[in-house]
Number of protein chains: 2
Amino acid sequence: MLKPQSIQQTSQTLKLLGDSNRLRMMQFIYERECCVCELVELINLSQPAISQHLRKLRDGGLVMEQRKGSWVFYRMNDEHATIELIKEILQSLPSVQGELDELEQDGLNVICHK
Amino acid sequence: MLKPQSIQQTSQTLKLLGDSNRLRMMQFIYERECCVCELVELINLSQPAISQHLRKLRDGGLVMEQRKGSWVFYRMNDEHATIELIKEILQSLPSVQGELDELEQDGLNVICHK
DNA sequence: CCCTTATATAAGATAATACTTATATGATTA
DNA sequence: TAATCATATAAGTATTATCTTATATAAGGG
């Protein structure tokens, strides 16, 4: 049973995840932290569109950003009020691990040692 | 663990529940079937606005309607592909039972014997 | 320093949303 | 069958969302 959260808080989370592109972005970020250029490869959207979605997710507190060199990595914010619900939602989706593997095989994944 | 559903199916559900008024409507309908005039009492929206939200929920397959006399009652569609997820979401919200009780005390609830 | 790569932001077009008011439909009742 | 109650639909409007293209910023490597 999930900790009860306000209607406002919950509907805001659901609105953010109610866009299929953002939902897919969250799937990838849930699997492992991703940088912007990886998400551009994984999702059929322009780089500015990806950045704009990421800003919405960040403004809503769902993800956190961290610059590493010239890349900016995004990861889940495990402190979010509705984090348990978010995880339930993401776990109810078909895995995207295969797509991440493919990215790696194509040498398009970003490994940062900073 | 919830049965995996497609991104499209899931994001459509989340978009429908990503509006605080619709989310509240679903809470009431989840608690017990409600007619339109009850929802108008429970939620601070005009009757046409309520009807329009209900149509969206019905078009998305989240609720089913049933006419009983001059009233139209809406209830959850337990056959919906994402029904398990929907229930998880609704159960993660503060109960609205108190508001339904209040409606009853005010004599504004609709009891239909058709 | 310039040049490139990665990312963000700005500005603008277009479409989708969520209301409003007015009106239509459908059932019940006098 | 006229009046009333419950609900749906239509039309209009204001706001918000989601892209696009162009440009700005920030970091890293010759």
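Each chain gets a letter, A, B and so on, in the order the sequences are listed, and its residues count up from 1. The structure presented is a predicted model; accordingly, all values stated were derived computationally and were not measured.
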Would you tabulate the pairs of protein nitrogen or oxygen atoms and nucleotide nitrogen or oxygen atoms of nucleotides 21-24 of chain D closer than 3.5 angstrom?
none

From [X] [atom1] over to [Y] [atom2], what is the distance, rounded to the nearest 0.5 angstrom?
X	Y	atom1	atom2	answer
A:K87	A:H80	NZ	NE2	13.0 Å
A:I89	A:T82	CD1	OG1	7.5 Å
B:L23	A:Q12	CG	CD	12.5 Å
A:R24	A:L45	CZ	CG	9.5 Å

Closest approach of [X] and [Y], non-hydrogen atoms and distance?
X	Y	result
A:E38	A:E33	OE1-O, 4.2 Å
B:V40	B:Q47	CG2-CA, 3.8 Å
A:V36	A:S51	CG1-OG, 4.2 Å

What is the distance, to the nearest angstrom, from the [atom1] atom on [X] to the [atom2] atom on [N]?
X	N	atom1	atom2	result
A:F73	D:dA27	CZ	P	15 Å
A:W71	D:dA27	CH2	P	14 Å
B:R67	D:dC5	CZ	P	16 Å
B:K56	C:dC19	NZ	P	9 Å
A:D59	D:dT18	CG	P	13 Å
B:L57	C:dT17	CG	P	13 Å
B:L14	D:dA17	CG	P	16 Å
A:L16	D:dT18	CG	C1'	14 Å

Non-hydrogen side-chain atoms of B:V63 and B:M26 separated by less than 4.5 Å: yes
Contact check, side chains of B:M76 and B:I86, non-hydrogen atoms, under 4.5 Å: yes
Distance below 4.0 Å between A:H53 side-chain N/O and D:dA17 OP1 or OP2: no
N or O in side chain of B:K15 less than 4.0 angstrom from D:dA17 OP1/OP2: no
Close residues, residues 17-35 of chain B, relative to DNA chain D [heavy-atom separation under 4.0 Å]: B:C35
Sugar-phosphate only, base, or nothing, as touched by A:Y74 at under 4.0 Å among non-hydrogen atoms: sugar-phosphate
Sugar-phosphate only, base, or nothing, as touched by A:L45 at under 4.0 Å among non-hydrogen atoms: sugar-phosphate
